[in-house]
Amino acid sequence: MTTSTPAIRLRGVTKRFPGSAQDAVSDLDLDVEQGSIVVLIGPSGCGKTTTLRMINRLIELTSGTIEIEGEDVTGLPTTQLRRGIGYVIQQVGLFPHRTIEANIATVPRTLGWDKARIRARVEELVDVVGIDREMLTRYPDELSGGQQQRIGVARALAADPPVLLMDEPFGAVDPIVRTRLQDELLELQSRVHKTIVLVTHDLDEAIKIADKIVLLNVGGVVEQYASPDQLLREPASAFVASFIGEDRSMRRLNLATVADLPYHQGPVVHLDASSAEARAAMEDEGSEWLGLTDGERFLGWVDGIEVVDGRHLGDLDRFLPAAQVRPDSSLRGAMEVILNSRTTVAVIDDDGRFGGTVTLERIRRALAAPSADTNGDGRGA
Amino acid sequence: MLLATRAANPLIRWSYFTEQWDRIQEALLQHIQLTLLAVAAGFVISAGLAFLGLRYRWSIGPITLFAATLYTIPSVAFFGVLVNYLGLGLLTALIPLTAFTILILVTNIMDGFNAVPAPVREAADGMGLTPSQRLFTVEIPIAVPYMINGLRIATVTTVGLVTVAAIIGYGGLGRLILDGLRRTFWTPLTIGASLSILLALLFDLLFYALGVWLTPWAKRKQTL
């Protein structure tokens with residue numbers, strides 16, 4: 001995909017556990033781009049956790065090579081290797097006998113940072129993960145599950161490693177907290193740009209946070225390595241199709257945003273447009289209603305019948321409010337708005353500015369098109 | 001007559017404290033010494049056995065069986081038999097006392113290490129702690145409350161057992177008790193027994209305090 005060296009590179013990676021007749025992971029090749037989130041997912045026994053743990057050598061590979069930023073992981077002592085890789089696990093594994101501050105400081109301390117530097121870094125990190133500094137003197141038992149998980153992330157980021165490995169990091173918290181932690185991870189990632197490899201069994205989570213998804217089958221066989229949208233749009237095999245399930249188009253609605261749709265003016269004209277222009281706009285769209293703008297804001301809908309020559313459009317009765325969506329809302333959100341409104345059109349509103357319109361038909365076409373993010377203007381099937 | 005005997009032989013005659021203070025003091029110090037030596041030796045041996053058991057899981061069965069067998073030996077017989085080989089000496093008193101602590105200590109130490117949650121170990125490894133860093137900064141601290149518990153039980157038991165060693169002349173306060181029994185003179189017996197009980201309670205309290213001090217993070221879990 002890119003010309004730069006992948007941050008993590010797996011070649012022919014194979015793991016066979018002693019006493020097992022089959023490979024847990026078999027001849028796996030994988031490139032993880034710098035600064036991207038790659039999610040490993042698949043049924044149990046697919047070797048996703050084994051693969052993750054081979055990267056920091058908690059499990060030693062049987063054959064093959066793993067490189068991090070061009071360096072073979074077997075070239076370093078394991079302790080040194082792991083101090084350069086952030087590691088977050090489902091059960092967090094905070095040290096119960098250490099304060100939050102000491103927990104976060106684990107790796108910097110091991111690396112011999114001075115006290116002032118550690119203190120500054122710890123305070124920076126709790127701010128980043130949204131934990132109150134007063135919590136620093138508490139013990140892990142005194143924190144909620146969500147807070148513990150945030151501290152786990154802070155601890156993993158402490159020495160600013162370029163790579164972060166996360167093994168079902170949000171699997172042990174309730175769904176509301178999980179959603180929030182996912183949002184926070186994405187927010188965090190937009191600032192820190194780590195290379196993240198994350199294991200999950202939750203497809204929605206994978207779709208939400210991954211730049212690319214690796215769908216593994218039993219024995220560590222890659223069924224598909226693709227962006228979430230591509231995975232949902234073009235499952236590479238029957239296995240992939242069945243894994244992602246029947247509602248893949250619905251899932252894609254969650255993935256794409258209104259801004260991904262091609263810009264569409266809709267039956268909307270400027271207040272000062274002529275009646276001929278207004279009629280043309282309605283005709284193009286097959287609409288009986290006309291929207292008006294003042295060049296900036298959307299002003300409201302007028303009945304097409306009232307558009308007659310010689311009458312200024314601004315004098316017509318306007319109907320408000322219009323159904324509105326924001327450019328960053330998901331297509332699913334936009335559909336919801338349209339289905340709940342009396343018009344079949346939602347107005348895209350970006351902080352008061354008119355940005356175009358969305359219709360159910362436009363959404364349907366976008367999903368049917370080869371790619372929702374590049375060419376949504378394709379014809380419907 | 002009976003009344004007169006009672007009056008002459010009360011449960012405690014307070015003057016005994018002043019008259020025999022040297023004797024009481026000597027007995028008390030010996031009692032403390034025997035207890036601490038036995039528990040300390042027992043702890044060192046048990047730590048070694050626990051390490052073995054945790055390292056080689058198959059050895060847990062034999063180790064436990066060995067410790068339990070030691071524990072089943074009647075104490076009087078244990079002291080008595082050893083006299084034949086080692087004579088009347090400190091070592092003869094210490095060996096059984098130490099042996100009786102091992103079952104309690106070894107199981108508690110192993111429990112402590114087994115109480116380290118697997119994710120905590122995994123996180124420690126995943127962050128690149130060396131095995132000895134993991135042992136000293138993570139596993140031992142987490143095992144401390146269990147070790148303290150073992151030490152509390154072992155110490156209290158040993159304080160009681162030391163009195164039995166009086167039969168070979170090394171019983172600390174037990175010698176006062178034995179003396180009282182032989183002479184049907186209640187005062188030394190009462191004093192010996194009471195001080196022994198107080199000593200056990202005191203040790204227990206000290207270890208409890210040590211535990212609280214060492215494990216501020218687990219204070220809510222500690223119980224008196």
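Only heavy atoms go into these numbers, but all of them, side chains included; no hydrogens, no water, no symmetry mates. Within every chain, numbering begins at 1; the chains are lettered A, B, ... in the order of the sequence lines, protein sequences first and strands thereafter.
- Annotation: side chain of B/Leu129 is in contact with side chain of A/Thr106 (closest heavy-atom distance under 4.5 Å).
- For chain B, the nearby part of A/Val92 is the backbone; its heavy atoms alone come within less than 4.5 Å.
- Results of the side chain to side chain contact (heavy atoms under 4.5 Å, CB included) test with A/His97 over B/Val138, B/Leu214, B/Ile140 single out B/Val138 as the only residue that passes.
- Comparing B/Val116, B/Thr130, B/Thr137 by heavy-atom pairs within less than 4.5 Å of chain A, the highest count is held by B/Thr137.
- Counting heavy atoms from C-beta outward, A/Phe95 and B/Pro141 have side chains that stay 4.5 Å or more apart.
- With chain B as partner, the option from A/Arg98, A/Arg138, A/Gln80, A/Gln90 having the largest number of non-hydrogen pairs under 4.5 angstrom is A/Arg98.
- Residues B/Met127 and A/Thr110 fail the side-chain proximity criterion, which asks for heavy atoms closer than 4.5 Å.
- Using a 4.5 Å heavy-atom cutoff, the side chains of B/Gln133 and A/Arg109 are not in contact.
- With a 4.5 angstrom heavy-atom cutoff, A/Leu81 does not touch chain B via any of its atoms.
- Of all non-hydrogen atoms in A/Pro96 and B/Val120, the two that sit nearest each other are CD-CG2, 4.1 Å.
- Considering every non-hydrogen atom in both B/Ala123 and A/Arg155, the closest pair reads CB-NH2, 3.2 Å.
- Most heavy-atom pairs under 4.5 Å with chain A, from the set B/Ala124, B/Pro117, B/Pro131: that is B/Ala124.
- Note on A/Ile89, A/Val107, A/Leu94: by heavy-atom pairs under 4.5 Å with chain B, the leading option is A/Ile89.
- Using a 4.5 Å cut-off between heavy atoms, A/Leu165 makes no contact with chain B at all.
- Nearest heavy-atom pair across B/Asp125 and A/Arg82 is O-CD, 2.9 Å.
- Annotation for A/Glu71: atom CD does not count as buried by contact number, only 12 or fewer foreign heavy atoms lying within 6.0 Å.
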